[in-house]
Amino acid sequence: MGKRIGVEVSIAAAEAAALADVDVIAAYPITPQTHIVEHLSELVADGHLDAEFIPVESEHSAMSCCIGSSAAGARTFTATSSQGYALMSEICYIASSMRLPIVMTVANRALSAPISIWNDHADMMMSRDTGWIQTVAENGQEVVDLIFHAFKVGEDHRVLLPVQVNLDGFILSHMIEPIHMPDKAEVDAYLPPYKPAMRLDPAHPVSMGPVGMPDIYTEAKMAQDQALRNSKAVIVEAWKEFGDKFGRYYKPVETYKTEDAETIIVSMGSISETAMTAADALRAKGKKVGVARIRLWRPFPEAELFEPVKGAKNLVVLDRAMNFSGGDTGILGGEVKSVLFDQNHHPSLRNFFVGLGGRDITVQNFEEMVEKASANGGKPVPYEIINVRD
Amino acid sequence: MGIAAEAIKDFKGFNLKNMPEVEPLSSGHRACQGCGEILALRQAMKALGTNVVVCSATGCMEIVTSPFPQTAWNVPWIHVAFENTSAVVSGVEAAYKAMNRKGKINQPDVTFLAYGGDGSTADIGIQALSGALERGHNFIYICLDNEAYMNTGIQRSSSTPWGASTTTSPAGKYSKGQSTWKKNMPAIAVAHEIPYVATASPAYPVDLMNKVKKASMIPGPAYLHFYSPCPTGWRCGGDESVAVARLAVQSKVFPLYEVIDGQYVLSRKVAKPKPISEYFKMQRRFRHLTETDVQMIQERIDAEYAELLKKCGVEA
Ligand SMILES: Cc1ncc(C[n+]2csc(CCOP(=O)(O)OP(=O)(O)O)c2C)c(N)n1
Ligand code: SF4
Ligand SMILES: [Mg+2]
């Protein structure tokens with residue numbers, strides 16, 4: 001039956017990986033991911049989880065171990081943040097190209113320099129093009145649910161891709177939240193044992209990771225892209241089944257009061273909770289504001305995003321990482337604009353960079369941004385960094 | 001008795017009569033003629049047989065054996081990147097351990113092999129290797145030492161010997177070629193206090209295969225360092241690489257030894273050592289060296305060999 005408990009989100013994430021009965025964990029500590037892997041090694045040490053915990057000497061080796069383990073046919077989990085992600089990124093591209101369903105939680109944190117342990121989305125944006133399925137959690141319950149979902153989707157033979165579950169560092173990872181933890185039987189009913197499509201097995205020798213000459217490389221990349229695009233249907237299907245079993249339904253883009261909204265805030269992650277509070281505050285003042293939150297970051301949900309925002313006059317798009325001199329938009333801003341361009345739709349759009357390296361973002365900041373978007377009158381305006389000292 | 005000594009106490013070696021016929025690494029690969037790496041790797045695979053998973057670093061032996069859709073491997077093989085093969089093998093080994101324990105598979109006797117070139121081993125992959133040795137995974141690591149980055153066009157590595165001309169340590173008016181002494185990788189492996197370390201050469205195939213076999217019998221990590229002539233990079237004839245390899249042993253340049261539970265054991269004492277100049281003469285990478293240079297190198301080689309004999313408890 002499971003139970004509802006008050007628990008730190010990192011601990012809950014580790015418990016979720018344990019409930020998924022992972023075989024191998026390879027991880028290297030970095031703030032704010034540490035509590036996840038500390039708790040996993042504790043679970044192994046106390047005999048609550050039968051798994052190999054490999055205390056590697058770097059994140060680069062963490063992902064490399066994960067590839068070896070997953071290729072050998074084991075259910076495999078890791079977690080990282082920021083600089084750790086940056087160090088392992090070479091191998092992340094290879095994990096998806098080799099179609100290995102590793103699951104990784106990333107406790108999102110700013111990138112150096114200056115070194116900052118605090119939350120933003122620089123690591124998530126860095127990982128954007130690695131070919132992993134990427135989901136973004138808003139709260140602790142979602143972190144747990146997305147971890148079960150990640151194994152379910154990644155290991156599906158129609159998909160076979162690694163999955164990255166993003167959660168905001170500290171703001172989510174270190175919060176104590178009320179979370180419904182399912183029991184083992186419930187998880188087992190949702191998540192079947194991992195059956196690799198092929199594995200490193202002397203009884204059935206295969207060669208993995210060969211050289212790709214120019215006559216094959218393009219086709220290999222095309223097949224990989226198609227696999228990621230096609231995964232969307234499985235992702236949605238697995239969320240439906242999850243909802244039917246657990247009563248919590250998820251979709252690629254979550255909406256809050258968007259139906260009649262004149263201004264819609266497009267966001268990702270835990271900041272969306274502040275955005276919803278701000279929407280309510282603004283509605284109390286007679287402004288029709290709603291929120292569209294992207295939960296599925298890759299494959300990108302173009303249609304699912306356009307649907308709720310198409311009626312709005314103004315859009316406020318929040319980026320939580322820099323896009324140095326990358327034109328007039330941030331990374332999410334650019335993606336949203338591309339969706340609108342394809343639909344020949346031109347609302348008044350303002351793109352703001354907020355909450356970099358742990359900078360707080362307040363309801364007042366949202367009021368200011370909504371004001372600016374409404375006042376802009378449809379002219380293209382370059383992005384603006386909010387809440388910054390001159 | 002130490003872990004390694006205990007594990008190999010009943011070891012019966014290979015000889016020319018009981019050579020296994022199995023070829024886990026088949027012909028048809030694209031290595032250059034006379035390649036010492038592929039020869040050594042083939043001998044190693046014959047010794048290991050087919051109940052093995054092989055993890056490859058990027059480098060010549062990866063490129064020449066795996067041009068998709070062909071493969072020269074008759075055993076499971078995986079290549080991921082240049083610097084991480086020790087971490088990949090750690091993951092494979094851990095996966096087998098967990099899955100065997102949990103009853104998901106029943107394959108307790110698989111051997112795990114990782115190999116890389118000298119660049120992959122002594123330079124960019126030394127961190128991953130050190131991590132895997134220190135954690136004590138049950139695997140064999142083979143360094144295929146051809147004394148440079150051959151796959152990318154003969155650039156120097158930390159395993160390139162003093163005086164060798166490479167494309168990034170070229171001999172010139174102000175340069176003698178490589179200006180540093182060869183990194184002692186086996187000693188670095190020994191410093192990890194693993195049960196078994198050995199050096200071997202494809203010019204002595206029975207000795208090489210016996211060491212590989214022992215490594216597979218010993219629980220925990222084993223590090224093997226293979227001297228692997230590269231005719232292309234060393235600029236000698238393709239039909240001369242075995243002769244060069246033999247001369248390297250006979251001139252004390254590449255001594256053959258084992259380190260069993262930390263104890264150095266000399267595999268063969270060089271009775272009448274050949275002068276190093278003979279070894280140099282066969283390879284054009286050394287042809288710019290003067291007599292004085294050669295003399296200086298000879299002194300260093302003599303001293304290193306004397307030091308090794310002392311460690312092995314053998315009279316000079
Ligand atoms: C991270 C990274 N850096 C550089 C390279 C380019 N590279 C591929 S193989 C290689 C040299 C291999 O040298 P070695 O390990 O000695 O093997 P060999 O080819 O000599 O057998 C280099 C530099 C790479 N593939 N990846
Ligand atoms: S370049 Fe050297 S190491 Fe590489 S395949 Fe040719 S002979 Fe072998
Ligand atoms: Mg080399």
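Order of the sequence lines sets the chain letters (A, B, ...), proteins ahead of strands, with each chain counted from 1. The model shown is predicted, which means the values in this text are computed figures rather than measured ones.
- Atom OG of A:Ser69 and atom NZ of B:Lys97 lie 13.0 Å apart (nearest 0.5 Å).
- Under the 4.5 Å side-chain criterion, counting only non-hydrogen atoms from C-beta, A:Ser64 is in contact with B:Val88.
- Taking every heavy atom of both residues into account, A:His60 and B:Asn84 meet most closely at CE1-CB, 3.9 Å.
- Ion pairing between a basic and an acidic side chain is recognised when a charged N comes within 4.0 Å of a carboxylate O; B:Arg101 and A:Asp23 show no such pairing.
- Proximity of B:His137 to A:Glu52: side-chain heavy atoms (C-beta onward) are nowhere separated by under 4.5 Å.
- For A:Val211 against B:Glu62, the heavy-atom pair with the smallest separation is CG2-OE2, 3.3 Å.
- Neither the backbone nor the side chain of A:Asp215 has a heavy atom closer than 4.5 Å to any heavy atom of chain B.
- Taking every heavy atom of both residues into account, A:Pro202 and B:Val53 meet most closely at CD-CG2, 4.3 Å.
- In terms of heavy-atom pairs under 4.5 Å with chain B, the best-connected choice from A:Ile216, A:Asp201, A:Ile67 is A:Asp201.
- The environment of NE2 in A:His204 is sparse: at most 12 heavy-atom neighbours from other residues, nucleotides or ligands sit within 6.0 Å.
- Of the atoms belonging to A:Pro193, not a single heavy atom falls under 4.5 Å from chain B.
- With a 6.0 Å radius and a threshold of 12 heavy atoms from other residues, nucleotides or ligands, A:Met198 has its CE atom at or below the threshold.
- Proximity to chain B (any heavy atom under 4.5 Å) is restricted, for A:Ala71, to the side chain, taken from C-beta onward.
- Taking 4.5 Å as the heavy-atom cut-off, the residues of residues 74-81 of chain B that approach chain A are B:Asn74, B:Val75, B:Pro76, B:Trp77, B:Ile78, B:His79, B:Val80, B:Ala81, ordered by number.
- When all heavy atoms of A:Glu57 and B:Gly131 are compared, the pair lying nearest together is OE1-CA, 3.7 Å.
- Taking 4.5 Å as the heavy-atom cut-off, none of the residues of residues 144-159 of chain B approach chain A.
- Near-neighbour residues of residues 217-229 of chain A relative to chain B, defined by a heavy atom under 4.5 Å from a heavy atom of that chain, are none.
- Interface with chain B: from residues 82-103 of chain A, residues A:Glu90, A:Ile91, A:Ile94, A:Met98 qualify, criterion being any non-hydrogen pair under 4.5 Å.
- One finds the CZ atom of A:Arg75 at 12.5 Å from the CE atom of B:Met99 (value rounded to the nearest 0.5 Å).
- The number of heavy-atom neighbours closer than 6.0 Å to CD1 of B:Ile3, taken from other residues, nucleotides and ligands shown, is 12 or below.
- Between atom SG of residue B:Cys55 and atom CE of residue A:Met208 there is a gap of 10.5 Å, rounded to the nearest 0.5 Å.
- Of all heavy-atom pairs between A:Asp50 and B:Lys102, the closest is O-NZ, 2.8 Å.
- Residue B:Glu93: no heavy atom, backbone or side chain, is found under 4.5 Å from chain A.
- A cation-pi geometry, defined here as NZ or CZ lying under 6.0 Å from the six-membered ring centre and within 45° of its normal, holds between A:Arg199 and B:Tyr96.
- If you measure heavy-atom distances from A:Val24 to chain B, the contacts under 4.5 Å come from the side chain alone.
- Ranked by heavy-atom pairs under 4.5 Å with chain A, the list B:Ala95, B:Ser66, B:Ala98 is led by B:Ser66.
- Ranked by heavy-atom pairs under 4.5 Å with chain A, the list B:Ser90, B:Ser130, B:Pro67, B:Ala128 is led by B:Ala128.
- Neither the backbone nor the side chain of A:Val44 comes within contact range of chain B; no heavy atoms are under 4.5 Å apart.
- Within a 6.0 Å radius of CD in B:Glu23, more than 12 heavy atoms belonging to other residues, nucleotides or ligands are found.
- The contact between A:Leu200 and chain B is made by backbone and side chain atoms together, counting heavy-atom distances below 4.5 Å.
- Most heavy-atom pairs under 4.5 Å with chain B: of the set A:Ser61, A:Ser207, A:Gly212, this distinction falls to A:Ser207.
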